[in-house]
Number of protein chains: 2
Amino acid sequence: MPDDAKTRLLQAAGPVFADKGFQAATVREICELAGVNVASINYYFGDKERLYVEAVKEARRIKADRTPFPDWPADVAPETRLRQFVETLLTRLLSADAVPWPTRLMMREILDPGSACKELAQEYFRPEFEMLLGILDEMLPPDTPDYRRRQLGFSVVGQCVFYRLAGGVVSALVDEEELSERYDAEDLANHITRFTLAALGRTPPLGRQPSPPAKLRDIVPQESEN
Amino acid sequence: MPDDAKTRLLQAAGPVFADKGFQAATVREICELAGVNVASINYYFGDKERLYVEAVKEARRIKADRTPFPDWPADVAPETRLRQFVETLLTRLLSADAVPWPTRLMMREILDPGSACKELAQEYFRPEFEMLLGILDEMLPPDTPDYRRRQLGFSVVGQCVFYRLAGGVVSALVDEEELSERYDAEDLANHITRFTLAALGRTPPLGRQPSPPAKLRDIVPQESEN
DNA sequence: CTTGCTTTAAAACGATCGTTTAATACAATT
DNA sequence: AATTGTATTAAACGATCGTTTTAAAGCAAG
């Protein structure tokens with residue numbers, strides 16, 4: 001027999017908590033899904049909340065194992081690394097339909113920080129956020145203040161997590177065929193990377209260059225090449 | 001002058017639902033806060049869920065009244081309008097500590113679409129999203145496909161809502177003084193607007209200029225790469 | 001004052017929650 | 001074989017949930 005009752009319980013708890021949240025999830029549903037008695041939760045974990053904490057920790061572990069960030073060789077261009085970082089993050093976030101529950105559970109914990117899981121979420125996100133800042137650093141002027149680097153990192157992350165956190169709104173604002181055609185991880189990674197690189201000046205800007213009726217700007221053509 | 005029991009109930013329900021969510025909020029707490037009997041909810045609204053729907057609707061109404069988007073005169077530059085749009089959105093989102101509950105309640109509904117409130121949220125957000133797209137349109141090339149305009153709009157909105165949806169993570173990743181100093185609505189609006197305008201080419205790019213252009217990589221074969 | 005209707009009040013209902021209890025089955029140790 | 005400790009079970013416990021019941025209080029109109 002591969003799994004004992006305790007691990008079966010832990011495996012069953014993750015999806016249920018991810019689906020319904022801590023309050024709405026019931027111990028009876030989890031136990032039934034795990035095929036164990038209702039008393040087992042209290043026997044193995046003490047109470048429902050401790051099981052929840054363990055489930056969040058396991059979600060973190062699973063997500064870190066699956067879709068790990070590549071450790072690039074030192075000579076990879078920052079543009080490429082940014083692109084891969086964004087796509088990895090988006091793949092994690094948008095895989096909710098296929099392999100959902102660890103991501104969903106962690107998202108719940110982010111939005112509604114409960115118990116002692118807030119610091120846990122921090123310790124999980126900080127190293128990856130620092131990795132992103134390291135990538136951006138190579139493209140920023142050396143005198144960029146730290147708070148501005150972080151705000152820039154949040155701009156990148158914010159564009160990504162938006163599609164998960166507010167996915168309901170997105171799918172309500174775009175029709176279904178465009179949604180299935182243009183909003184997978186790869187396309188969104190293309191867009192976000194291009195948007196970010198354009199803001200950093202590593203790529204031609206996305207807007208129209210000439211602003212003919214602009215009277216507030218000088219007409220002197222100081223922009224000349226691209 | 002003294003509100004009747006029904007409106008007192010509605011006013012009390014909003015903050016409680018916003019704080020605890022639908023499941024965790026109890027009718028007894030709401031009734032005690034409103035100073036009415038527990039049976040009043042069922043008398044006036046039928047059941048708890050119908051009261052919740054009404055609370056969400058009222059939150060939407062309050063939020064639309066407060067902090068409305070300005071209707072600009074026709075000759076205002078799109079840069080200015082974008083800046084004001086972003087700051088208005090951020091002010092709504094980040095006022096959670098001061099005037100919190102309608103925003104918080106709607107955020108809950110976005111993240112965890114319950115009942116028939118999804119379409120309601122859509123009808124609330126669509127016109128304002130279209131307003132944003134109208135602003136961006138003036139700065140985009142005329143041949144920009146529609147799906148790309150929307151993705152760009154989501155990039156702007158995503159940067160903004162991130163600070164509310166993932167505010168717990170943000171406050172865990174930056175120390176307290178930087179948080180209170182650099183993360184108010186005005187500073188964030190500055191950053192996001194600058195970031196977006198730079199991506200569109202309306203503003204000098206944020207990155208370091210002197211560096212081998214990315215295009216060279218495609219032309220000249222670089223040294224060993226995987 | 002009575003009538004008819006709306007509103008408020010207290011109490012209890014049935015359901016379900018998380019948790020505990022007490023008894024049993026099993027395996028290893030003495 | 002007896003004992004010890006762990007694992008598992010069915011059942012019940014107490015608390016709390018949303019909801020319903022029942023009845024009384026308020027109140028305008030006849």
* What integer distance in Å separates Arg50(A):CZ from dG18(C):P? -> 15 Å
* Asked: Taking for each residue the nucleotide of DNA chain C bearing the nearest heavy atom, is the 5' side occupied by Val38(A) or by Lys6(B)?
  -> Lys6(B)
* Examine the base of dA7(D) for any acceptor or donor lying under 3.5 Å from a partner atom in the side chain of Asp4(A), and report the outcome as yes or no. => no
* Near-ring test Phe195(B)/Phe195(A), centroid separation under 6.0 angstrom -> yes
* For atom CD of Glu29(B) and atom C1' of dG18(D), their distance in whole Å -> 15 Å
* Gap between atoms CD and P, on Gln23(A) and dC17(D) respectively (whole Å) -> 10 Å
* To do: Indicate whether OP1 or OP2 belonging to dT7(C) is found under 4.0 Å from a side-chain N or O atom of Tyr44(B).
  => no
* To do: Return no unless some side-chain N or O of Tyr43(B) is found under 4.0 Å from OP1 or OP2 of dT7(C).
  => yes
* Quick one: do Tyr43(A) and Val38(A) satisfy side chain to side chain contact (heavy atoms under 4.5 Å, CB included)? Show the steps, please. => CA-CA 9 Å; Tyr43(A) 180 77; Val38(A) 278; over 6 Å; no
* **Asn37(A) vs dA7(D): side-chain N/O to OP1/OP2 distance below 4.0 Å** => no
* Among dT8(D), dC17(D), dG18(C), which is the nearest nucleotide to the side chain of Ala5(A)? -> dT8(D)
* How long is the line joining CZ of Arg28(A) and P of dC13(D), in whole Å? -> 14 Å
* CD of Glu32(A) versus C1' of dT16(C): gap in Å, rounded? -> 14 Å
* What does Ala39(B) touch in the nucleic acid at a heavy-atom separation under 4.0 angstrom: a base, only the sugar-phosphate, or nothing? -> base
* **Nearest-Å distance for atom pair NZ/P, residues Lys48(B) and dG18(D)** => 4 Å
* Rounded to the nearest Å, what distance is computed from the CG atom of residue Asp47(A) to the P atom of nucleotide dC17(C)? -> 17 Å
* Structure fact -> In short, Arg182(B) meets Tyr147(A) closest at the heavy-atom pair NH1-OH, 3.3 Å
* To do: Report yes if a side-chain nitrogen or oxygen of Asn42(A) is closer than 4.0 Å to either non-bridging phosphate oxygen (OP1 or OP2) of dT19(C); otherwise report no.
  => yes
* Asked: Heavy atoms under 4.0 Å, any strand shown: does Ala25(B) hit a base, just sugar-phosphate, or nothing?
  -> sugar-phosphate
* **Pairing of Arg83(B) and Glu87(B) as salt bridge, 4.0 angstrom limit** => yes
* Would you kindly say whether Ser40(B) and Asn37(B) are connected by a side-chain donor-acceptor distance under 3.5 Å? => no
* Closest nucleotide among dA10(D), dT19(D), dT7(C) to the Val27(B) side chain -> dT19(D)
* To do: Find the distance Phe22(B):CZ to dC17(D):C1' and express it as a whole number of Å.
  => 12 Å
* Asked: Hey, does Phe45(A) reach any base, or is it just sugar-phosphate, or nothing, if we go heavy atoms under 4.0 Å?
  -> nothing
